[in-house]
Amino acid sequence: MQASMHACPCCGKPRRIAHLLELYERNYRLIQRLVPEPDAPCHRAVSHSLSDCPLHLEIVERDRYTLTLRLTYEFTDESGIRRQPDLWVRLYRDAGVAEALACNHRPPWLAERDGDPAAHAFLSAQWRRNLLLNKWLEYLLDHGHGFIASARPRAMEPA
């Protein structure tokens, strides 16, 4: 199902929260293909592709029902390390959805109706971030990226 099928034809933004949730579900399935063993005991890993830059994965937080990870390319120049895109993603395992996060806290959902400007701004920002995640995940998989446990370094336990 194409994202544009549920979007406004003039601006491409979702019309309903249900459309955003469908995008979250697609992103979750793509991340499952990219990171098939998210519970392996690793903290960081790098995926190499013959046709793309190395992709860096960092497991930021593990909980029973969620997993927060960071996906990025790292570029080094005279000013240091740049990470672009630098996406933090939370997987909700019980719901089977993945949400691209701008920060650790998303704004509260205050809308009671579709006409709430704050709700519209929140939905639009979430749509843009998660559509970026969706397109990038498809690109990464097309270029052969993937993380399997045998290729990941083990996390060092604190002494």
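The residues of the chain are indexed from 1 along the displayed sequence. For clarity, every value in this text was computed on a predicted model and none was experimentally measured.
- Every residue meeting the side-chain contact (heavy atoms from CB on, under 4.5 Å) condition with T72, not counting sequence neighbours, appears here in chain and number order: H56, E74, R83, D86.
- Looking at every heavy atom in both residues, W127 comes nearest to H19 through CZ3-O, 3.6 Å.
- With sequence neighbours left out, Q32 forms a side-chain contact (heavy atoms from CB on, under 4.5 Å) with Y28, R29.
- Side-chain contact check for L131 versus L23: some heavy-atom pair is nearer than 4.5 Å.
- Taking the salt bridge (Lys or Arg N to Asp or Glu O under 4.0 Å) definition, one finds that R93 meets it with D39, sequence neighbours left out.
- Using a 4.5 Å heavy-atom cutoff, the side chains of V60 and L69 are not in contact.
- For the pair L133 and W88, the minimum side-chain heavy-atom distance is 4.5 Å or more.
- The minimum heavy-atom distance linking A100 with N130 is given by the pair N-OD1, 2.7 Å.
- Looking at heavy atoms from C-beta onward, V89 lies out of side-chain contact with T68 at the 4.5 angstrom threshold.
- H145 contributes a side-chain N or O that, together with a main-chain N or O of C53, makes up a donor-acceptor pair within less than 3.5 Å.
- Put simply, the side chain of L34 reaches to within 4.5 Å of the side chain of L137, judged on heavy atoms.
- No more than 12 heavy atoms of other residues, nucleotides or ligands shown are found within 6.0 angstrom of CZ on R33.
- Residues that satisfy the ring-ring contact (aromatic ring centres under 6.0 Å, His included) test with Y139, not counting sequence neighbours, are H143.
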Walk me through it: do E61 and T66 pass the test side-chain contact (heavy atoms from CB on, under 4.5 Å)? CA-CA 8 Å; E61 182 179 11; T66 63; 5.7 Å; no
Could you go through the side-chain contact (heavy atoms from CB on, under 4.5 Å) check for W136 and L141 one step at a time? CA-CA 9 Å; W136 192 36; L141 290 165; over 6 Å; no
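- Across every non-hydrogen atom of S47 and G146, the tightest pair is OG-N, 3.0 Å.
- Checked against side-chain contact (heavy atoms from CB on, under 4.5 Å), L132 has the following partners two or more places apart in sequence or in another chain: L87.
- Taking the side chain to side chain donor-acceptor pair (under 3.5 Å) definition, one finds that S79 meets it with D77, sequence neighbours left out.
- Panel note: side chain H43, backbone E58; no donor-acceptor pair is recorded below 3.5 Å.
- Residues V46 and F147 share a closest heavy-atom pair of C-CE2, 3.7 Å.
- Every side chain to side chain donor-acceptor pair (under 3.5 Å) that N27 has, sequence neighbours left out, goes to N134.
- Taking CG from D52 and CG from L140, the interatomic distance works out to 6.5 Å, rounded to the nearest 0.5 Å.
- The minimum heavy-atom distance between I59 and C42, with the atom names listed, is CG1-O, 3.9 Å.
- In this structure the side chain of Y73 never reaches within 4.5 angstrom of the side chain of P54, judged on heavy atoms.
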Test side-chain contact (heavy atoms from CB on, under 4.5 Å) on F75 and I81 and set out the steps. CA-CA 6 Å; F75 302 98; I81 296 176; over 6 Å; no
Stepwise side chain to side chain donor-acceptor pair (under 3.5 Å) check, E99 with Y92: CA-CA 8 Å; E99 174 187 20; Y92 299 88; 3.1 Å; yes
